[in-house]
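Data first, discussion second: the structure below is written as structure tokens.
Note: hydrogens, waters and symmetry copies are ignored here, and every other heavy atom, side chains too, is used. Order of appearance sets the numbers: ligands from 1, and atoms from 1 within every ligand. Just so you know, these numbers come straight off a predicted model, no measurement behind them.
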Amino acid sequence: MNNVYIETYGCQMNVADTEIVLGILKKQGFDVTDKPENADVILLNTCSIRDNAEQRIYGRIGNLKTLKFNKPGLVLGILGCMAERLRKDLVEDKKAVDLVVGPDEYRRLPEYIDVALNGDKGIGVKLSRTETYDDIEPHREDGLSAWISVMRGCDKFCTFCVVPFTRGRERSRSLQSVITELENLSVRGFKDVTLLGQNVNSYLDETSAVGGDFADLLSAAAKVDRTLRIRFSTSHPQDISDKLLYTIAEHPNLCNYIHLPVQSGSNRILELMNRTYTVEHYLNLIEKAKKIIPGVSFSTDIISGFPTETWEDHLATLEVMKQVRYDGAYMFKYSPREGTKAFRMEDDVPENVKSKRLQEIIDLQQTISFEKNQAMIGKEEIILVEGFSKKSNEFIAGRTDTNKVVIVPITSAIKTGDYIKVKINKATSGTLFGDYLENINDEKEGIALTA
Ligand code: 5AD
Ligand code: SF4
């Protein structure tokens, strides 16, 4: 029996993929260990989105390689987004790893591992137009929160982004298979499930008799279990339909929270990024969503220092942030990626300017988050109790449907997995604090998951 150890880097898609990989390997009789020293096979599920992600993984490979001194037969393997790009570098030039398997070849991972265990290099980096792992049952520990990947790949080709090259073309799972997976999670007591895709709004089930677009999928998902919160990520601003917004508004257990990457507030930069929308379109969409879904909140992704970005472009980004007032933002310095269109543009914003602009973006978001959280003091919220707070066993931590963490003093009435109503009494930019009001577990049907 072989022991496999796996580490996951990067986005939630990778976390979901690791569960698929473990599902495949466990079925083939592999055991999972959480200690690299005990493993016969060590796998790193990697991320290529920015250079620093890749550098971190190179460092980790160097680190883990030393385990081979004591265990010469040990297989060290790379999965995920670095596989396709760096196969030559990793296997041939640096001879650092024994196995390189890309995101569309996990079904054959046991074969490739066999090859590597027998002393050859196991290499599978082909991308597929059809692979969705529809029929694979991901391996998940019991818990409250889970991810389901509903589509793979991306056809958007934003000029900065390596994903269309590392993960290939867009393809969707069947609606029925997603619903079946959700039903299983509901039976196991999961309470918070995120439907994942690089661009979920392009979801389209063309295969099964049921069929449907992303709004149809969300609507079906909401009906599986009214006490199960459904989230989704990521949405492209070009593709959000009115039908989707009305669907979110219709079902209380579809969270009123949309991750809507804006990337930049300058139309000139958006065009260079091939984002295919203007700031005006984006802001209109936000306004429309706010009207259709009362209380909706937004998070975003922002890149600072894209090629040719001027001070005025940067100010325009700050302006969009002020207008939307995001609940949260993931903020990055532009990192040139080989193979992308932007790679051929000159990376002409100096590092110190990128850093300065990024810091201003982060500071502004911090202020907005703080003000928005302060404004919640005195309000009632319904949170899903996730367990003890990180800092103390005398407090529990829970999450609102808009994904905010609330810390509440523990009482005997509360247990993990409960929905409770709380009153917010204090707030920082990252955390809310509240008092317990009541448990709302008894309502079975159509539970109102927002206060
Ligand atoms: N440089 C910096 N940030 C990037 N992202 C994607 N590619 C790059 C890059 N080359 C960011 C985008 C995207 C998020 C997942 O990562 O903001 O929405
Ligand atoms: Fe990358 Fe753009 Fe696709 Fe997102 S939508 S994965 S940023 S190409």
Side-chain angles (χ1 to χ4, degrees), residues 9-17 46-56 80-82 84-85 103 127 147 149-172 194 196-203 214 232-240 258-266 269-277 282 298-309 313-314 317 320-321 324 326 328-349 351 353-355 357-358 361-362 365:
Y9 295 82
C11 63
Q12 291 176 335
M13 276 309 263
N14 262 9
V15 176
D17 273 4
T46 62
C47 170
S48 282
I49 198 100
R50 281 167 294 274
D51 187 55
N52 54 8
E54 284 189 355
Q55 293 313 322
R56 233 180 107 207
C81 289
M82 276 169 84
E84 162 87 31
R85 259 169 57 65
L127 291 172
W147 294 272
S149 89
V150 302
M151 61 174 303
R152 303 180 72 81
C154 184
D155 287 352
K156 288 285 175 203
F157 288 94
C158 301
T159 57
F160 52 79
C161 186
V162 81
V163 166
F165 306 98
T166 60
R167 302 190 78 99
R169 297 286 62 73
E170 266 172 22
R171 64 223 103 109
S172 299
T194 306
L196 289 178
Q198 237 72 45
N199 174 18
V200 284
N201 309 113
S202 299
Y203 175 89
F214 190 60
F232 57 94
S233 186
T234 291
S235 298
H236 192 289
Q238 196 202 11
D239 299 334
I240 288 203
I258 305 178
H259 182 62
L260 198 63
V262 68
Q263 312 294 4
S264 168
S266 152
I269 296 290
L270 287 174
E271 193 165 347
L272 287 175
M273 287 175 161
N274 189 32
R275 287 293 287 178
T276 68
Y277 54 83
Y282 184 91
F298 298 94
S299 59
T300 199
D301 294 346
I302 293 173
I303 297 177
S304 87
F306 187 81
T308 77
E309 187 189 72
D313 296 322
H314 168 63
T317 298
V320 167
M321 294 173 71
V324 180
Y326 295 104
Y330 299 89
M331 300 157 283
F332 315 102
K333 270 190 262 184
Y334 170 66
S335 166
R337 310 312 291 136
E338 209 176 331
T340 61
K341 223 169 166 185
F343 192 73
R344 284 180 258 140
M345 306 175 196
E346 194 191 343
D347 180 20
D348 60 353
V349 180
E351 186 59 28
V353 176
K354 275 187 199 170
S355 296
R357 289 181 189 169
L358 179 64
I361 290 169
I362 292 170
Q365 184 52 45

Among protein heavy atoms, which sits nearest to [atom], and what does the distance come to when rounded to 0.1 Å?
| atom | result |
| --- | --- |
| atom 9 (C) of ligand 1 | Ser335 O, 3.6 Å |
| atom 14 (C) of ligand 1 | Asp301 OD2, 3.4 Å |
| atom 2 (C) of ligand 1 | Lys333 O, 3.3 Å |
| atom 12 (C) of ligand 1 | Gln263 OE1, 3.4 Å |
| atom 7 (N) of ligand 1 | Phe160 CD1, 3.3 Å |
| atom 8 (S) of ligand 2 | Cys158 N, 3.4 Å |
| atom 4 (C) of ligand 1 | Arg50 NH1, 3.4 Å |

Proximity to ligand 2 by part of [X], non-hydrogen separation under 4.0 Å:
| X | answer |
| --- | --- |
| Pro261 | neither |
| Asn199 | neither |
| Phe160 | side chain |

Give the contacting part of Ile49 toward ligand 1: side chain, backbone, both or neither, where contact means a heavy-atom distance below 4.0 Å. both

Validation row: [X], [Y] side chains within 4.5 angstrom (heavy atoms):
| X | Y | result |
| --- | --- | --- |
| Gln365 | Ile302 | no |
| Tyr334 | Lys354 | yes |
| Arg167 | Asp17 | yes |
| Pro261 | Arg275 | yes |
| Tyr9 | Met82 | no |
| Thr159 | Met345 | yes |
| Asn14 | Trp147 | no |

Atom CD of Glu271 with >12 non-hydrogen neighbours under 6.0 angstrom: no

For Arg337, the ligand 1 atoms with a heavy-atom partner under 4.0 Å come out as 10 (N)

For Phe332, the ligand 1 atoms with a heavy-atom partner under 4.0 Å come out as 3 (N), 11 (C), 14 (C), 16 (O), 17 (O)

Can you list the atoms of ligand 2 that are under 4.0 Å from a heavy atom of Pro164? 8 (S)

State the atoms of ligand 2, each with its element, that fall below the 4.0 Å cut-off from a heavy-atom position in Phe157. 8 (S)

Could you work out, for atom 4 (Fe) of ligand 2, the closest of Gln238, His236, Gln198, Lys156 by heavy-atom distance? Gln198

Could you work out, for atom 3 (Fe) of ligand 2, the closest of Cys161, Ser235, Cys154 by heavy-atom distance? Cys154

To the nearest 0.5 Å, what is the distance between SG on Cys161 and CG on Asn274? 11.0 Å

Rounded distance [0.5 Å steps], CD1 in Ile269 versus NE2 in His314: 12.0 Å

Any heavy atom of Arg167 sitting closer than 4.0 Å to ligand 2? no

Aromatic contact between Phe332 and Phe306, with the criterion being ring centroids under 6.0 Å apart: yes or no? no

